[in-house]
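Just so you know, ligand 1 is whichever comes first in the structure, and atom 1 is the first atom listed for that ligand. Side-chain atoms are counted along with the backbone in the values below, which use heavy atoms only and exclude waters and symmetry mates.
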Amino acid sequence: MAFKLHIGVLAFPFGTHAAPLLALVRRLAASAPDALFSFINSAASNATLFNATAFDNIRARDVWDGAPRGEPFTGSHFEAVGLFLEASPGNFEMAIREAERESGLEIGCLLTDAFLWFSGDMAEKRGVPWVPFWTAASCSLSSHVYTDQIVRAIESTEKAKQEKALSFIPGLEMVTTADLPPEIFLGNNASPLAITINKMVEHLPKSTAVVLNSFEEIDPIITKDLKSKFPNFLNVGPSILASPAAAISDETGCLSWLGGLNRPNSVVYISFGTVITPPENELAALCEALETCRFPFLWSIKDHAVKSLPNGFVDRTNSFGKMVAWAPQPQILAHESVGAFVTHGGWNSILESIASCVPLICRPFFGDQKLNSRMVQDSWGIGVLVEGGVFTKSGTIECLKELMTTEKGAKMRENVSLLRKKAVAAVDSQGSSSKNFDKLLEVIGAR
Ligand code: UDP
């Protein structure tokens, strides 16, 4: 097929960034069959994302991830991020040129992870629109947009960073500086990611549109404020409701295990996303709480972490608990047996929980997770933050009992159902997210 338009899609291959970008690209590709989407991402990340159901007009292309060639990379997540950022943008420039040469079509638009701030310069040089995709919530984007004011506000008081309320940011009145993504504060030893995010803030004004996998109605005040700051501030999600994933086979037996329980809202699902493993003492506290409460639980836990659980825990709980190394999370949350989600507060996990009306217990670790968790508890009222921000036996028991057995927990379940209704309305044909999606098609030149 002769394509009329070529969109360069640049992904950030860490955490759960590339998957929601690809979900968006799939929706765009379905609506714009005469546009070619070159999805440029690390080989390792592409290998996990692309399968037999690839679209004809989406081409996966690999970029060098910056790790030393020819030997397996054994460093940490943050070291991998640092190496990748060092290799950028040269690695992306090269991949774009190859994509243009092979297709015979110059790139007409760059749709990129917002972290990849240099795409703004690349787009400017080429005279094409730059459309950054913010893979997290509007609250965290807002906190970055207000970086300068936050830093000034902290400097203007002698108060510890921890205590400063963000009453001057529309929609973030219940948030304090202790909840903020640490990358906001550059300091002397700023990490490559912090530098990247601060550069992103500088470059965002160059964007033609900023796109989010969220919906306006979740944070109407923040939405109104950010709409006044960007020419096109487009919430087009949640993708999980706009274009639900295909049914999966139940290879791990999780769904049949849930079905076998046959008790609505009775199971605690536990997962900390793709990057985090809680420290050993907190894993022990969580285990003790699970053994004490004896709610059935389903835990997505990496093999190496199972080894550091308390002696005998697996045997003692196998009559009411199931552990797997990887779970079909959206389908699990959608199962009627699941009554609570113990999470690190990653944005994709929160959206999936909202889509399935499951209240959350949050133990955030890094990045936007604290801020998301604060919003879960104090803005949306759809869950709780663990006491003191870490798992202790007593604090975790309290959270589990509150969500699973009390009126307060029932209220959170009701709140999350109301939020789901708003999300469903947003992706309806006349809803805000659908209208924003149409606008996005226009911005990228596909309409
Ligand atoms: N996930 C999954 N199975 C698992 C663990 C995680 O499918 O066993 C998926 C989950 O559905 C979500 C993503 O991994 O889409 C985690 O994204 P999130 O933004 O919550 O956290 P991150 O991985 O970026 O820390």
List the atom pairs, donor and acceptor, that lie under 3.5 Å between side-chain atoms in residues 381-400 and the rest of the protein, sequence neighbours left out.
| from | atom 1 | to | atom 2 | distance (Å) |
| --- | --- | --- | --- | --- |
| Thr392 | OG1 | Gly395 | N | 3.0 |
| Thr396 | OG1 | Thr392 | O | 2.6 |

(message) Taking the six-membered ring for Trp, are Phe39 and Phe50 closer than 6.0 Å centroid to centroid?
(response) yes
When you check ligand 1 against the protein, what N or O pairs turn up below 3.5 Å? List the atom names and distances, or just say none.
| from | atom 1 | to | atom 2 | distance (Å) |
| --- | --- | --- | --- | --- |
| ligand 1 | 3 (N) | Ala327 | O | 2.6 |
| ligand 1 | 7 (O) | Ala327 | O | 3.3 |
| ligand 1 | 8 (O) | Ser300 | OG | 2.6 |
| ligand 1 | 8 (O) | Ala327 | N | 2.8 |
| ligand 1 | 11 (O) | Gln329 | NE2 | 3.4 |
| ligand 1 | 11 (O) | Glu352 | OE1 | 2.6 |
| ligand 1 | 11 (O) | Glu352 | OE2 | 3.3 |
| ligand 1 | 15 (O) | Glu352 | OE2 | 2.6 |
| ligand 1 | 17 (O) | Thr16 | OG1 | 3.1 |
| ligand 1 | 19 (O) | Asn348 | N | 3.1 |
| ligand 1 | 19 (O) | Asn348 | ND2 | 2.8 |
| ligand 1 | 20 (O) | Ser349 | N | 3.0 |
| ligand 1 | 20 (O) | Ser349 | OG | 2.6 |
| ligand 1 | 21 (O) | His344 | NE2 | 2.9 |
| ligand 1 | 23 (O) | Thr16 | OG1 | 2.6 |
| ligand 1 | 23 (O) | Thr274 | N | 2.9 |
| ligand 1 | 23 (O) | Thr274 | OG1 | 2.5 |
| ligand 1 | 24 (O) | Thr16 | N | 2.9 |
| ligand 1 | 24 (O) | Thr16 | OG1 | 3.4 |
| ligand 1 | 25 (O) | His344 | NE2 | 3.0 |

When the side chains of residues 72-92 are checked against the rest of the protein, which donor-acceptor pairs come out under 3.5 Å, sequence neighbours left out?
| from | atom 1 | to | atom 2 | distance (Å) |
| --- | --- | --- | --- | --- |
| Ser76 | OG | Phe78 | N | 3.4 |
| Ser76 | OG | Glu79 | N | 3.1 |
| Glu79 | OE1 | Ser76 | N | 2.8 |
| Ser88 | OG | Phe84 | O | 2.9 |
| Ser88 | OG | Asn91 | OD1 | 3.4 |
| Asn91 | ND2 | Trp64 | O | 2.8 |

(request) For Glu216, enumerate each residue passing the side-chain hydrogen bond (donor to acceptor under 3.5 Å, both in side chains) test, keeping only those at least two apart in sequence or located in another chain. (result) Lys227, Asn436
(message) Less than 6.0 angstrom separating the ring centers of Phe295 and Phe297, yes or no?
(response) no
(request) Say whether, by atom type as modelled, one donor and one acceptor occur between the side chain of His203 and the main chain of Lys199 under 3.5 angstrom. (result) yes
